Engineer: 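A single structure is presented below for examination.
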Amino acid sequence: MKGSEIIVDSLKQEKVDKIFGYPGGAVIPIFDTLHSNRDIEVMLTRHEQGAVHAADGYARTTGKPGVCIVTSGPGATNTITGLATAKLDSIPVIVISGQVPTSYIGTDAFQETDFFGLSTSICKHNYLVKDIKNLPNIIKEAFHVATSGRPGPVTIDVPKDVSLAELPNYKYPKKVDMAGYQPVIEGNMKQIKKLAEAIKKSSKPVLYTGGGIVTSGAEKEIRKLVEKVNIPTTTTLMGLGTLPYDHPEFLGMPGMHGTVAANYALTECDLLIAIGTRFDDRVTGPPDTFAKNAKVAHVDIDPAEIGKIIETDIPVVGDAGDVLKKLINILEPKAKNGWNKKTQQWKSRYPLKYDQANSKEILPQYIIDTLNDLVDDAIMVTDVGQHQMWVAQFFHFKNSGQLLTSGGLGTMGYGLPAAMGAAASKPGKPVINVSGDGGFQMNIQELTTCALNNLPVKNILINNSYLGMVRQWQELFWDKRYAKTSLRKPGQNPEDNTPTNYCPDMVKLAEASGVKGLRANKPEDVEEVLKTGLEYDGPVVMEFFVRETENVYPMVPSGKPINEIILGDEQ
Amino acid sequence: MKEKHTIIIKVTNHPGVLAKISGLLAQRGYNIESAIAAPTENPDVYKISVVVEEDDRGIQQITKQLNKVVDTIKVTDISHKNNYVVREYLIIKVKVNNENRSDVFELMQVFSAKALDVDSDYIMMELAGTQRKISRIIKLLKPYGIEEYVRSGEFAMSE
Ligand SMILES: Cc1cc2nc3c(=O)[nH]c(=O)nc-3n(C[C@H](O)[C@H](O)[C@H](O)COP(=O)(O)OP(=O)(O)OC[C@H]3O[C@@H](n4cnc5c(N)ncnc54)[C@H](O)[C@@H]3O)c2cc1C
Ligand SMILES: Cc1ncc(C[n+]2csc(CCOP(=O)(O)OP(=O)(O)O)c2C)c(N)n1
């Protein structure tokens with residue numbers, strides 16, 4: 001069998017039914033083989049960054065690895081940001097890249113880059129196929145590594161001559177044989193008993209969970225744990241939805257833009273149980289100020305996460321679901337106590353709020369809140385910035401894995417292509433992408449891909465005519481010096497909040513790309529535009545001109561302990 | 001407290017694995033004093049020895065991060081283990097003259113260093129031994145004038 005045929009057959013064996021890609025010289029053989037196959041659909045994006053984020057969105061939606069095929073050199077380097085995005089959020093993305101023929105490697109040949117070297121530090125693992133003999137094993141391993149243990153991106157660099165070479169007696173391997181790679185899944189019972197003991201003794205416990213619960217599919221167990229011992233719970237950006245927003249013990253998101261209740265609880269607790277979360281600095285602030293008085297238990301599938309940021313008293317290595325099942329089994333039920341009451345008081349005293357009634361301009365929070373009434377279940381995708389935080393704070397997350405967002409790398413330009421990948425997986429529910437006017441323009445070319453493939457992505461464009469998140473920092477910490485954060489046309493009246501001040505005209509741009517364009521300028525129009533957009537059969541851009549200087553609160557200034565919270569004017 | 005540790009990493013002999021390991025150590029900002037890599041009796045396995053100076057927490061992190069590399073088979077910090085033979089190798093070129101040549105020869109005898117090349121104004125010698133021994137001879141040869149030396153970095157084998 002030919003190399004390119006082996007690749008396509010291997011993908012079928014791995015049950016891949018959709019690929020995102022962009023062709024070029026070094027991968028013509030692979031695209032050619034794909035062209036005559038019936039099982040795998042190849043979606044041509046308009047940029048390789050679009051393809052890799054789409055694969056990421058597909059992976060997050062389906063739980064299956066997302067596959068992306070690109071050519072050598074510039075095609076491969078265009079996937080770098082997407083790989084780093086997937087690495088930091090632990091998403092199984094597989095990039096198959098073309099490479100110059102083996103005999104040309106190292107000669108600065110046309111469209112040669114050392115993609116293996118370039119992608120090493122931003123992937124879980126990487127391969128360069130130097131000999132067709134190794135191709136089947138490499139693909140098998142790549143899928144195994146990407147999806148097992150702590151998932152992550154993997155690259156496979158395939159020189160053109162390998163795609164064209166013949167391998168007699170090809171058989172796709174059934175098993176992998178990797179000497180040193182054996183993720184620990186089962187939690188150690190002795191440690192779990194210690195954790196149970198600590199929960200029994202604790203009077204002020206907090207459960208702090210994250211993306212690992214989504215990966216593990218352990219949302220049911222989390223809920224059982226919370227309800228068995230009545231433990232106040234906070235969930236990172238990456239874990240939103242693993243405990244429903246309206247669960248009585250849910251305190252909201254922790255950290256820089258988290259709720260007061262969550263941050264106070266983390267600061268005052270005597271036992272911190274971290275499960276499937278990695279103590280990101282957006283959450284902890286300076287680590288020596290975080291949960292200072294607490295005994296710390298950390299359950300994570302990646303041993304390197306334990307003790308990385310803060311000292312851990314009870315480490316448990318293993319899959320969250322496995323550990324939780326065992327833990328719940330041996331735990332004695334615990335009733336609510338004064339601590340539950342205290343956290344509830346924080347919750348009611350410091351709710352997240354906004355005041356649309358007293359504003360003539362649309363407030364971004366109002367858009368998200370209105371959306372809550374219009375959709376029952378949806379896949380929510382965001383770009384990066386203020387709007388991302390407003391979605392995190394105000395959208396009513398009910399299901400695990402419901403939010404697709406670039407948390408770790410904070411990649412502007414992620415939202416639209418990721419939403420496209422989610423829609424391509426036909427999830428059977430609406431896919432809503434909330435974006436800022438800055439980030440939306442970073443991969444706006446993918447509107448065309450949505451139009452041509454009839455991917456009904458519902459884009460909610462929150463246009464504040466600023467790089468809002470950076471403007472907010474400038475307002476609060478840089479003396480209101482708005483250095484290069486305005487996206488308006490120069491020389492326009494800053495009081496005039498209309499599209500004429502703004503370039504490009506997003507509605508026209510959407511329409512020109514074959515996507516429906518809608519716009520709201522006034523609060524009264526918000527619901528109507530959302531309704532029309534959601535009901536429309538196809539991709540839509542709904543643009544909302546919002547109050548330009550609206551800020552995200554609460555906010556913990558960077559470098560401060562998380563109980564030093566700025567609440568903002570209206571609160 | 002920061003202390004020197006010798007860490008032995010057994011890896012699958014895949015292309016790029018050395019770059020991966022050294023890239024990882026550099027990326028995470030660890031202080032590498034030396035690193036050597038060599039094939040082993042098993043053609044599929046490579047052994048890398050690194051000497052790093054870190055405190056206990058740093059060493060724990062390094063070991064965990066190294067273990068996380070998919071190609072890694074085993075990571076051992078041998079610093080506090082006494083069932084390992086640890087050696088370093090040195091080649092050094094020292095300036096000499098007619099007055100002090102015999103002093104240098106004497107020193108070489110004490111250390112069991114072997115002459116590789118001798119000329120009227122220098123001696124080149126080799127020596128294998130513990131890191132302490134190597135450092136000691138360098139210190140003692142310094143007053144004569146050292147023209148050049150190379151140290152291999154530590155490598156080790158369990159007894
Ligand atoms: C502008 C901006 C602002 C932000 N502000 C905030 C904020 O205010 N609050 C906030 O929370 N975040 C915020 N973030 C996100 C933040 O940067 C991090 O991405 C996020 O906090 C990390 O989430 P996590 O700890 O759940 O870890 P993830 O990155 O989701 O990592 C998952 C962890 O679970 C482990 N794991 C994986 N699989 C399993 C398994 N099967 N079993 C057990 N463990 C497993 C992994 O090893 C890893 O340690 C912000 C991001 C941006 C871009
Ligand atoms: C690729 C990239 N470049 C720069 C940044 C830094 N950055 C973070 S948020 C932000 C502003 C985003 O503005 P916009 O997309 O309009 O969203 P808003 O904050 O206004 O909601 C910038 C520039 C980033 N996260 N990603």
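Keep in mind that the numbers below use all heavy atoms, side chains included, and drop hydrogens, waters and symmetry copies. Note that this is a predicted model, so its numbers are computed, not measured. To find a chain, count down the sequence lines: A is the first, B the second, and so on, and within it residues start at 1.
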Engineer: In terms of heavy-atom proximity below 4.5 Å to chain B, should N126(A) be classed as side chain, backbone, both, or neither?
Structural biologist: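 Both parts, backbone and side chain.
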Engineer: Do any N or O atoms from the side chain of K10(B) and from the backbone of G180(A) form a donor-acceptor pair under 3.5 angstrom?
Structural biologist: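 Here the side-chain-to-backbone pair does not exist.
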Engineer: Verify the neighbour count for atom NZ of K295(A): are there more than 12 heavy atoms of other residues, nucleotides or ligands below 6.0 Å?
Structural biologist: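 Open: at most 12 neighbouring heavy atoms sit under 6.0 Å from NZ of K295(A).
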Engineer: Check the surroundings of atom CD in Q109(B): do more than 12 heavy atoms from other residues, nucleotides or ligands lie under 6.0 Å from it?
Structural biologist: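 No, the 6.0 Å shell around CD holds no more than 12 heavy atoms from other groups.
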Engineer: Give a yes or no on whether Y104(A) atom OH has more than 12 heavy-atom contacts from other residues, nucleotides or ligands under 6.0 Å away.
Structural biologist: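 No, OH of Y104(A) has 12 or fewer neighbouring heavy atoms, counting only those of other groups under 6.0 Å.
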Engineer: Let me know if D71(B) has heavy atoms under 4.5 Å from chain A in its side chain, its backbone, both or neither.
Structural biologist: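 Both backbone and side chain.
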Engineer: Is the number of heavy atoms from other residues, nucleotides or ligands within 6.0 Å of CG (D119(B)) greater than 12?
Structural biologist: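 Result for CG/D119(B): enclosed.
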Engineer: Are more than 12 heavy atoms, taken from residues, nucleotides or ligands other than D177(A), located less than 6.0 Å from that residue's CG atom?
Structural biologist: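 Atom CG in D177(A) is not packed in, count stays at 12 or less.
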Engineer: Considering only heavy atoms from C-beta outward, does the side chain of V70(B) approach that of E141(A) to under 4.5 Å?
Structural biologist: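 Counting from C-beta outward, V70(B) and E141(A) never come under 4.5 Å.
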Engineer: Using heavy-atom distances under 4.5 Å, tell me whether T120(A) contacts chain B through its side chain, its backbone, both, or neither.
Structural biologist: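 Answer is side chain: those atoms of T120(A) sit under 4.5 Å from chain B.
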Engineer: Tell me whether K64(A) at atom NZ has more than 12 heavy atoms from other residues, nucleotides or ligands lying less than 6.0 Å away.
Structural biologist: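 More than 12 heavy atoms, drawn from other residues, nucleotides or ligands, come within 6.0 Å of this atom.
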Engineer: Do R57(B) and E311(A) pass the side-chain contact (heavy atoms from CB on, under 4.5 Å) test, and can you show the C-alpha distance, the side-chain angles, and the key distance before you say yes or no?
Structural biologist: CA-CA 9 Å; R57(B) 207 148 154 227; E311(A) 303 255 10; 3.7 Å; yes
Engineer: Please look at Q60(B) and chain A and tell me whether the side chain, the backbone, both or neither of the residue comes under 4.5 angstrom of a heavy atom of that chain.
Structural biologist: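 The answer is neither part of Q60(B).
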Engineer: Given that the side chain runs from C-beta out, which part of K20(B) has a heavy atom under 4.5 Å from chain A: side chain, backbone, both or neither?
Structural biologist: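 For K20(B), backbone and side chain are both near chain A.
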Engineer: Should K68(B) and K124(A) count as side-chain neighbours, where that means a heavy-atom distance under 4.5 Å?
Structural biologist: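 Answer no - side chains too far apart.
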Engineer: So, for Q65(B) and K308(A), which heavy atoms are closest and what is the spacing to 0.1 Å?
Structural biologist: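 Looks like NE2-CD, 4.4 Å.
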Engineer: Of all heavy-atom pairs between P15(B) and K130(A), which one has the smallest distance, and what is that distance?
Structural biologist: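 Closest pair (atom of P15(B), atom of K130(A), distance): CB-NZ, 4.0 Å.
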